[in-house]
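Have a look at the structure below, then the notes.
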Amino acid sequence: MKVSDLVIRLAYEMDESEAYARAKQAAYDLLENPHSRIRPYFDLLMMALVLSSVFLLLYSVKHHLGAWSGWFENMVVSFFILEYLGRMWVYSSTHRIILDEYEKSELINQPFRLSKALWSILRSKWSYISSPMAIIDLLAILPSYRPLRILRLFLLFRLFKMFRYAHSIQQFGSVLREKRIELFSLFTFLMFVLLVGSSVIYLFESPESGGQVEGFFEGIYWSLVTLSTVGYGDITPQSFEGRLVTMVLIISGLGVLSFFTSIIVSAFQEKMGEVRDRRVAMLLEKKKGYTVICGFGRVGQVVAEYLSRDKLPFVIIDSDGEAVELARRLGYLVVEGKSERIGLLQMLGVGRSAGKILCLTGDDVVNVYVTLSARQLDEKITIISRANQRQSVDKLMHAGANHAIEPFKIVGLIAGEYVGQPVAFEAIHGIVMGENDITLEAIRVPPGSWLDGKTIGEAPLEEMRLILFGVTTPMNRSSNHVRNHFDLESQRFQFNPGADFVLLGDDILLVFGHKYSVSHMRQQLKSGRMGR
Amino acid sequence: MSGGADNKAGIFSQAKRIVIVGAGAVGLEVARQLTERGEVVRIVDDRESGVEKAKAKGFSVERINLQDDEELKRVGIGGEADILFALLDEDASNVFLVISARAIAPELPIVSISGAHDTIERLHAAGATKVIDPYRISGYKIYERMHRPMIAETLEHTVFGKVNLDIAEIHVQKDSFLHGKYLDELFIEERYNLIVLGVVDREYGDQLVFATDPKRHRMDSGDILVVIGPEEAFVKFHRDLNADNK
């Protein structure tokens, strides 16, 4: 039997072995899985190890420690090595790579070459070893030269998940790249001044002429100290020429510093919007099922107000600078940009973790377009759109919206009500505004609770000052105590059911009442006691 | 609240004369719905472009100068108009219009819309009887859709939808069988399949009191009941009320 056959058999066995898969999953949960529950504890342990080993290192500078410190150090290092190997192990699946290679070669009817498979394994592991995190890990393990153990502190970098900010560091790099012409010319000027300064000081301040500059290196050192306005004063010019040069260096140093600062600051200011947007995307990354509000006009503002009142996560997109500024002032997450841009929607997690998207701009064309894009990105996302024109409702629904809201139609409805019935108008206005203390609320009958199986007449609705509007039940329930029922999308609404109507578990009572009465009733149902 | 308004509101079904100022999206939508209900609607605006657009959609709009009181009077404000709707797009224009109209006709009911939240108070101060905030209502509806879908769906399918469940007000007449009775001894829920949402009981003032209030209410003439129910229940109720009258 050839070695390669053996390897392939082994790989297949690993692939099928449940124990191996479980062990690997456990290692993954411990080391890498950001959502596992055990991982934070493991990270804490690592932090403690790093800090205590560094502390021992610093402590041993002045104090003598016993043999146990050596043991401890060995233990810490072996722990780090184990962790490093573990990470390398879960980074990629070796047997999978072998099998892929094998199946590929079977497919094209070529003999399986073990060396090729090994090469790709090596490549995949190398890509782990060369990743910045792994390099830091290695730095923590390697130092046999004791003082370098301080490098271990870099591990804290990883443990505190500083790499989340790697984007910002990249951004810093790109800022520098963008300004490379300015920086380069500044650098040239700096070099020139340095050269002239150190030459002059070397000439005039040599020990022969009573100065303190002994070599050219001292000249450069002195020039840089002076130019940066640090000015230690360990070397001071004595001659008239030397002092003249000093003054010139100080002034040009001020210029160089301020120019350098202004270049960096202005570059960052230009990038500020991007930095902010990325921050918003980063904050959203952890959340799930949040709402994306496109358009922070009046409707958007109201929705945001309600959502933030209920502490529900949401993010706003608007292209109008003033609206964005307002949202920012109110402390909302906001991104300036056109919601028509698919890339922007994707950046905000539409298609991944966003649960709902609201298209609330005043322009129906935009609303339809965004609705369509969002539906393309995500089959399941809930889309609610604003239709400013009556004709747009069909288009929005066609584009994939779950609901279309017509602000002006609602005005028409309640305006019409006011004309005919000003008193009923008050009641309706109260219901549609949701601002009264009296609201329409849904109370679910928990299965097995004291209300389950009781009739409406037995429910203490009147004592609790609740007015029953109706009950929603499954579609197939009909009762001769109900004179009118209306079918909703998946449930049946039984209007004004009589006192003999029997409630079952998971029925929903729709009641008008004060919010306190409603929450009291809910509490009674939860606690399982018969309400009074 | 839907189409069936004319027959249930039989007692006060004389068509109202309504002036709508503003031929924008809101104005036209309100005009459309009021016309459907059989009211007499007159739309005016002061922008040529708005007038033209509305005409293209089949509405007849008069162009008048809204800053001229004489023209306002000519379209019926202070005269035969029963209600004025100030539905211009600009909050400032609405406030100005409300002030002018209030000066001409102190008793005229004026309904306006507000674009921004802080305009509501200003419109009230200017003399508007009712201020509707379309954006707040829409925003709340969207919120309700997202977080209380059951309620939103029920309301949409019943009260605001095509299904004939209406909210209506019943005026208690002196000689009707309601007169002198306590609300809880009428059993309107069972007898007529109508749910009482609230009452205006003149003993306690002119405000609408929700039926969740613990007070017992005795019905006298002039009191108003706000009830919700299907159309045929209203028909039956009105028949009984009218039978009493005779």
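In this text the structure is predicted, and so the values were computed from the model without any measurement. Letters A, B, ... are given to chains in the order of the sequence lines, protein chains preceding strands, and every chain is numbered from 1.
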Query - Interface residue of largest heavy-atom contact number with chain B, from A/Q389, A/R386, A/E406, A/E441, under 4.5 Å - result: A/E441

Query raised in the report: Using a cut-off of under 4.5 Å for heavy-atom pairs, which of A/V303, A/L468, A/I467, A/T472 has the most such pairs with chain B?
Result: A/I467

Requested in this report: Check whether any side-chain heavy atom of B/I142 sits under 4.5 Å from a side-chain heavy atom of A/Y306, and report yes or no.
Outcome: no

Requested in this report: Kindly indicate whether the side chain of A/Y418, heavy atoms from C-beta on, has any atom under 4.5 Å from the side chain of B/T129.
Outcome: yes

Query raised in the report: Side chain, backbone, both or neither: which part of A/Q301 has a heavy atom under 4.5 Å from chain B?
Result: neither

Query raised in the report: For A/T291, is it the side chain, the backbone, both or neither that has a heavy atom under 4.5 Å from a heavy atom of chain B?
Result: side chain

Requested in this report: Heavy-atom distances under 4.5 Å only: say whether B/I18 touches chain A with side chain, backbone, both or neither.
Outcome: side chain

Query raised in the report: Do the side chain of B/K16 and the main chain of A/V419 share a donor and acceptor less than 3.5 angstrom apart?
Result: yes

**Report entry** Side chain to side chain, B/M146 and A/L307, heavy atoms closer than 4.5 Å
**Finding:** yes

Requested in this report: Indicate yes or no: at least one non-hydrogen side-chain atom of A/K356 is less than 4.5 angstrom from one of B/H147.
Outcome: yes

Query - Interface moiety of B/L197 toward chain A, non-hydrogen atoms closer than 4.5 Å - result: both

Query - Atom group of B/V196 that falls short of 4.5 Å from chain A, counting heavy atoms - result: backbone

**Report entry** Min side-chain heavy-atom separation B/R145-A/T382 under 4.5 Å
**Finding:** no

Query raised in the report: Aromatic rings A/F408 and B/Y135: how do their planes relate, parallel, tilted or perpendicular, breaks at 30° and 60°?
Result: perpendicular

Query raised in the report: Does any N or O in the side chain of B/R148 come within less than 3.5 Å of the main-chain N or O of A/L440, such that one atom is a donor and the other an acceptor?
Result: yes

Query raised in the report: Using non-hydrogen atoms only, which part of A/F493 is less than 4.5 Å away from chain B: side chain, backbone, both, or neither?
Result: side chain

Query raised in the report: Would you call A/V411 and B/I137 a side-chain contact if the rule is heavy atoms closer than 4.5 Å?
Result: no

